2 protein chains.
Amino acid sequence: MHDSPLIERRSLATELVERLRGLIQEGQLRPGDKIVEPELCERFGVSRTPLREALKVLAAEGLIDLSPNRGARVARISPEAVEELFPIMGMLEALAGELCIGRMSAADLALLEALHARMVAHWRAGEWAPYGRLNRQVHEEIFRIAGNGALAALYQSLLIRTHAIRFMARKTPERWAEAVDDHERIMAALRARDASALNLIMREHLRHKADVVHEALKQLDDG
Amino acid sequence: MHDSPLIERRSLATELVERLRGLIQEGQLRPGDKIVEPELCERFGVSRTPLREALKVLAAEGLIDLSPNRGARVARISPEAVEELFPIMGMLEALAGELCIGRMSAADLALLEALHARMVAHWRAGEWAPYGRLNRQVHEEIFRIAGNGALAALYQSLLIRTHAIRFMARKTPERWAEAVDDHERIMAALRARDASALNLIMREHLRHKADVVHEALKQLDDG
DNA sequence: CCTTTGCATTTTGCATTCATTATTCAGATT
DNA sequence: AATCTGAATAATGAATGCAAAATGCAAAGG
């Protein structure tokens, strides 16, 4: 028998969840924005039923806030939420790193090294966008190697919740250098397959990320 | 002004999410059971619209599986899922323990000691149900003291996903003693405010819990 | 006897409709 | 002028209706 790929069947609600997540992620819908159902219905050409199902799912994920009879808003992230979420993300990355060390092949490590080198090159060149892309790829690769799908999914969902903040403010050069240094140390721990060192660095790295977000939030309040 | 409590206003969908979660948790709806919309609608006296919204939310939480045009089933937990979820829960408990050590007052510790002592007493008496209740309370109390709401919510959601398994099989006496011993060591680390020791014990404790679930799953396959 | 095919029934996906609750804004009141 | 009132408007919550898909089952064929 020819192994044909399964025909993918998706509900409108599922499709809408992904589209809306995308809009929030790329900043088309910004934290605090009101979500008006008829508006989005027209935009996507669907009725309110599947849209409302999608909104309920996004609310469960924490991406939007629903208040009864008053509609939905894209969730704002508070400094308190940052303080809660980043340590969690730190633990998840630490676990991913640990699993990664236990499972990675020489080829995996080589790939990470390559991604890292390219990322550093973009940093030296001051190219923000490709740096960010490579940065994300490194983290994704670590989760892939870790081989724990639930872990990756959980991390991803927390990442999106905090990501909404990030496109708003740019890192300072010092913070950027700090992040690169964190990554150097992450790579060193991976090379040495030193799980406990990696654990510490990952959590410190996320602590730094939280600091950056705090600075960004403060900047928004002031400016 | 008299500070009247806010009038709680909830949508039917929200109510249904909680009711259904309850049904799954207490085993009224068991893993693998088919969920027929009209049936539940009649049971709860609501129309399909809010019920479907609730099902979408539960699916997002991983409590049920939805396949397009084929309806919903209560999610089964596979050995692979256990292998993925328990290390994550271990990390979350480890973080909670760490935060707990940093924040707990003498009164907090005393409360934990009291709960622990009662739990051990029930173990000695072989009283399973109250032991389980106290066990849960100890863990909840640690999360409460930790003071990270997002962490507690995340842990709770993973706990429910794995809880469906537990009412099915009973711990062996050896496993039960092992769990009690873990708790003794957890209390010792809390007393000493030794974060790194607590970290290790928490993760080991969850490793043991995963083993118990694996044994339960195997038992189901065999018997 | 087992498998396959076609039809009746059930169930799901989505649109539409109706009722209830917010929001807006013109006009009245202090 | 600022605030309050309330009707008009718009948005949300939930039920109903309808078309498409899946399921179950009986009869036909191997």
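In what follows, chains are A, B, ... by sequence order, proteins preceding strands, each numbered from 1. All of these numbers come straight from a predicted model, not from anything done at the bench.
Note: Trp128(A) and Trp176(A) meet the aromatic proximity criterion, with ring centroids under 6.0 Å apart.
Residues forming a side chain to side chain donor-acceptor pair (under 3.5 Å) with Glu141(A) (at least two apart in sequence, or on another chain): Arg144(A). Applying the salt bridge (Lys or Arg N to Asp or Glu O under 4.0 Å) test to Glu18(A) and every residue at least two apart in sequence or in another chain returns Arg10(A). Judged as a side chain to side chain donor-acceptor pair (under 3.5 Å), and not counting sequence neighbours, Ser67(A) has no contacts. Residues satisfying the side-chain contact (heavy atoms from CB on, under 4.5 Å) test with Glu83(A), not counting sequence neighbours, are Arg207(A), His214(A). Residues satisfying the side chain to side chain donor-acceptor pair (under 3.5 Å) criterion with Glu98(A), sequence neighbours excluded, are Asn199(A), Arg203(B). With sequence neighbours excluded, the residues that form a side-chain contact (heavy atoms from CB on, under 4.5 Å) with Asp65(A) are Ala75(A). Residues meeting the side-chain contact (heavy atoms from CB on, under 4.5 Å) test with Pro38(A), sequence neighbours left out: Val36(A).
For the side-chain hydrogen bond (donor to acceptor under 3.5 Å, both in side chains) condition, the pairs that include at least one residue of residues 38-48 of chain A, sequence neighbours left out, are Glu37(A)-Arg48(A).
Remark: C1' of dT24(C) and CZ of Arg70(A) are 14 Å apart, rounded to the nearest angstrom. Atom CG of Asn69(A) is separated from atom C1' of dT20(C) by 7 Å (rounded to the nearest Å).
A heavy-atom distance below 4.0 Å to DNA chain C is reached by none of the residues of residues 54-66 of chain A.
Secondary-structure stems of DNA chain C, taken as three or more successive Watson-Crick or G-U wobble pairs (i with j, i+1 with j-1) under a 3.5 Å distance threshold, comprise C:1-30 with D:1-30.
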Do any N or O atoms of the protein come closer than 3.5 Å to N or O atoms of nucleotides 16-18 of chain D, and which pairs are they?
from    : atom 1 : to       : atom 2 : distance (Å)
dT16(D) : O4     : Thr49(B) : OG1    : 3.4

Atom pairs under 3.5 Å: protein N/O with N/O of nucleotides 6-10 of chain C:
none

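The number of heavy-atom neighbours closer than 6.0 Å to CZ of Arg175(A), taken from other residues, nucleotides and ligands shown, is above 12.
Side-chain nitrogen and oxygen atoms of Lys34(B) include none within less than 4.0 Å of the OP1 or OP2 phosphate oxygen of dA22(D).
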